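Following: one structure in structure tokens, then a few remarks.
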Amino acid sequence: MKVFSGSSNKPLAEKVARQLNTNLSPLEIFIFPDGERRVRVSDKVVDEDTVVVQSTSPNPDTSYMELFFIVDALKRSGAKSVTAVVPYLGYQRQDHVFRDGEAVSLEVIIETLESVGMNKLITFDLHSIKIPELFKIPIVHLSALSLFAEKIKEIIGHSPRPGDTILVSPDMGGIRRIKILSEMLSNMPFISIVKDRDLITGNIESNKIDTNLPDFKRTAKRAIIVDDMISTGRTIDAAVDLLIKQGIGESVVFATHPVFSNDYKNVLQNSKASGIFVTDTIDVPEEKRFGKLEILSVSKMIAKELKV
Ligand code: R5P
């Protein structure tokens with residue numbers, strides 16, 4: 001098996017290759033002065049199973065074009081199969097028509113990937129569990145929740161008092177994720193915040209809690225907020241503030257994809273969350289990091305899947 005990397009998340013691709021006891025195979029990516037990319041596979045791949053690791057944030061459009069070209073180049077060079085590891089699948093929030101007249105951008109991306117010859121896709125924590133149904137080729141939908149569960153066990157220690165710590169989804173869309181995590185943590189109690197987002201301005205309002213735990217304000221001392229991604233950080237900031245109003249002073253945040261956009265750094269560093277854990281599905285170079293941030297790696301999970 002030969003492993004190639006696009007330019008969006010080379011640190012993760014290198015870790016995956018190391019886990020597979022190999023090195024990244026050489027790939028030339030040349031950028032023309034006007035921004036066009038030229039991709040060339042300089043290794044022999046005839047009849048080889050190949051893997052290309054490419055995340056799609058930041059710069060989703062450039063990253064996708066690069067990925068299309070890499071898959072095409074591998075196929076034209078005679079690769080037996082191409083598995084695309086796209087740990088963060090950009091455009092996943094545009095998976096259906098929200099308002100009349102919109103494109104279904106994710107479908108366009110998937111159709112293009114399939115038409116250039118991708119044989120299989122490995123990805124993480126999709127925004128909606130219906131997304132795999134949009135693919136005609138096999139898709140492996142992995143989750144960082146097991147990594148989060150291990151970290152949460154470390155945080156709460158060995159003998160937590162029942163009800164001390166609760167899981168929180170910052171919106172109703174995340175409730176399925178929270179239920180799975182709750183099961184991994186011996187049925188840890190959970191609640192969900194009700195979040196409304198204005199589709200035109202993007203402004204959010206988080207001012208209600210959906211729960212069948214009438215007692216949570218009295219018993220809970222610590223909240224573990226879990227989301228699929230953090231972009232501007234406003235969802236998390238609003239959730240932490242609402243929990244403080246409910247009397248829960250400590251919040252620790254877990255999110256799979258550090259999409260990190262706009263002034264996320266100020267928003268998150270100044271939020272009252274005590275720690276923010278994300279994964280390396282998207283590369284976070286040194287200059288984008290901040291004090292409270294900790295990054296967990298999904299590389300072992302990817303390597304394990306590739307060995308199957
Ligand atoms: C939305 O439904 C997602 O699950 C995230 O909550 C959202 O994308 C986070 O965005 P932001 O950090 O900009 O509030």
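Along the sequence shown, the residues carry numbers beginning at 1. Whatever order the structure lists ligands and atoms in, that order sets their numbers, starting from 1. Here the structure is a predicted model, which is why all the values come from computation and not from measurement.
Residue, atom and distance of the protein heavy atom nearest to atom 14 (O) of ligand 1 are T235 OG1, 2.5 Å. Nearest protein neighbour of atom 10 (O) of ligand 1, counting heavy atoms only, is R197 NH2, 3.5 Å.
For the residue pair S297/D280, the side-chain donor-acceptor check at 3.5 Å is satisfied. A donor-acceptor pair shorter than 3.5 Å cannot be found between the side chains of S274 and K292. Using modelled atom types and a 3.5 Å distance limit, the side chains of S81 and D49 yield a donor-acceptor pair. Checked by atom type, the side-chain pair T232/R234 shows a donor-acceptor distance below 3.5 Å. Of the N and O atoms on the side chains of K2 and N23, not one donor lies less than 3.5 Å from an acceptor on the other residue.
Close contacts between ligand 1 and T232 involve ligand atoms 11 (P), 12 (O), 13 (O), 14 (O) [criterion: under 4.0 Å to a heavy atom]. Of all the atoms in ligand 1, the ones that sit under 4.0 Å from a non-hydrogen atom of D171 are 1 (C), 2 (O), 4 (O), 6 (O). For ligand 1, the atoms sitting less than 4.0 Å from at least one non-hydrogen atom of M229 are 5 (C), 8 (O), 9 (C), numbered in the order shown with element in parentheses. Every atom of ligand 1 is numbered from 1 in the order shown, and the set under 4.0 Å from a heavy atom of D227 is 4 (O), 5 (C), 6 (O). Contact atoms of ligand 1 toward D228: 3 (C), 4 (O), 5 (C) (distance under 4.0 Å to a heavy atom of the residue). Atoms of ligand 1 lying under 4.0 Å from at least one heavy atom of R93, given by number and element, are 8 (O). Of all atoms in ligand 1, listed by their number and element, those nearer than 4.0 Å to a heavy atom of R234 are 12 (O), 14 (O). Of all the atoms in ligand 1, the ones that sit under 4.0 Å from a non-hydrogen atom of H127 are 1 (C), 2 (O), 3 (C), 4 (O).
Close N/O approach between I230 and ligand 1 is not found [any backbone or side-chain N/O within under 3.5 Å].
For P170, the heavy-atom gap to ligand 1 stays at 4.0 angstrom or more.
Closest of all the heavy-atom pairs between F124 and H257 is O-NE2, 3.1 Å.
Comment: R37 engages E66 in a salt bridge, judged by a side-chain N to carboxylate O separation of less than 4.0 angstrom.
Considering T123, L12, V53, V3 in turn, V53 is the only one that fulfils the side-chain contact (heavy atoms from CB on, under 4.5 Å) rule with V85.
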